[in-house]
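Read the structure below first, then the notes.
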Amino acid sequence: MVNALLLLTIVVFVSVQQVTKKAYNNKVTGGTLSFSAASCMAALVVFLITSGGKLNFNTEFLIYSVLFAVSYSVAVVLGVLAISTGPLSLTPLLTSFSLLVPTFYGILVLDEPVSPNLFLGLGLLAAALVLINIEKK
């Protein structure tokens, strides 16, 4: 039950985040970097709250931390740009397709088992992509 509640919370907050990005971009011209900076700062606040203010830093992971910070920042900026230039319905859908990379890595490299649910999920993703691109008459 707890897992279902957490999953529902994630879905709601991710949806709110996407809608907020679109609304911000509709009201503010050229505010991509400021919104991205605010988003990264909000993530920092969440980390500080959940850790109780006790973040543990290890110099052995410094290079990985810097690489992650740069990658995360670029992803946030590009996410805001994608939503500002394209339809809100298409951007999160295409983002969800990024989950195919670790899925196929697991199947091809780690020999993880394939179940009928995988094919069902792939079919639903493909159907969603087709349906969202059908032109309205």
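What you are looking at is a predicted structure, and each value in this text was computed from that prediction instead of being measured. Throughout, residue positions are numbered sequentially from 1 according to the sequence presented.
Connection of Leu33 to Leu81 is established within a shared hydrophobic cluster, with ILVMFWY side chains joined at heavy-atom distances below 4.5 Å, either directly or through further cluster members. Under the 4.5 Å side-chain contact rule for hydrophobic residues, Leu44 and Phe57 share a cluster. Connection of Met41 to Leu48 is established within a shared hydrophobic cluster, with ILVMFWY side chains joined at heavy-atom distances below 4.5 Å, either directly or through further cluster members. The same ILVMFWY cluster, assembled from side-chain heavy atoms under 4.5 Å apart, contains both Phe119 and Ile107.
Side-chain contact check for Val80 versus Tyr24: every heavy-atom pair is 4.5 Å or farther apart. Residues Thr103 and Leu122 are not in side-chain contact: their nearest non-hydrogen atoms beyond the backbone lie 4.5 Å or more apart. Contact of the Val45 side chain with the Ile49 side chain is registered, since non-hydrogen atoms from C-beta on lie closer than 4.5 Å.
With rounding to the nearest 0.5 angstrom, the CG atom of Leu8 is 12.5 Å from the CG atom of Asn3. In this structure, OG in Ser65 is found 11.0 Å from CD in Glu60, a value given to the nearest 0.5 Å. A distance of 9.5 Å separates CG of Asn56 from CZ of Phe61, quoted to the nearest 0.5 Å.
Of all non-hydrogen atoms in Ile83 and Lys22, the two that sit nearest each other are O-NZ, 2.9 Å. The shortest heavy-atom contact between Val114 and Leu118 is CG1-CD2, 3.5 Å. Listed here is the closest heavy atom pair of Val76 and Cys40: CG2-SG, 4.3 Å.
Using cut-offs of 30° and 60° for the angle between ring planes, the Tyr72 and Phe68 rings count as parallel.
Between the Ser39 side chain and the Phe35 main chain, no donor and acceptor come within less than 3.5 Å of each other.
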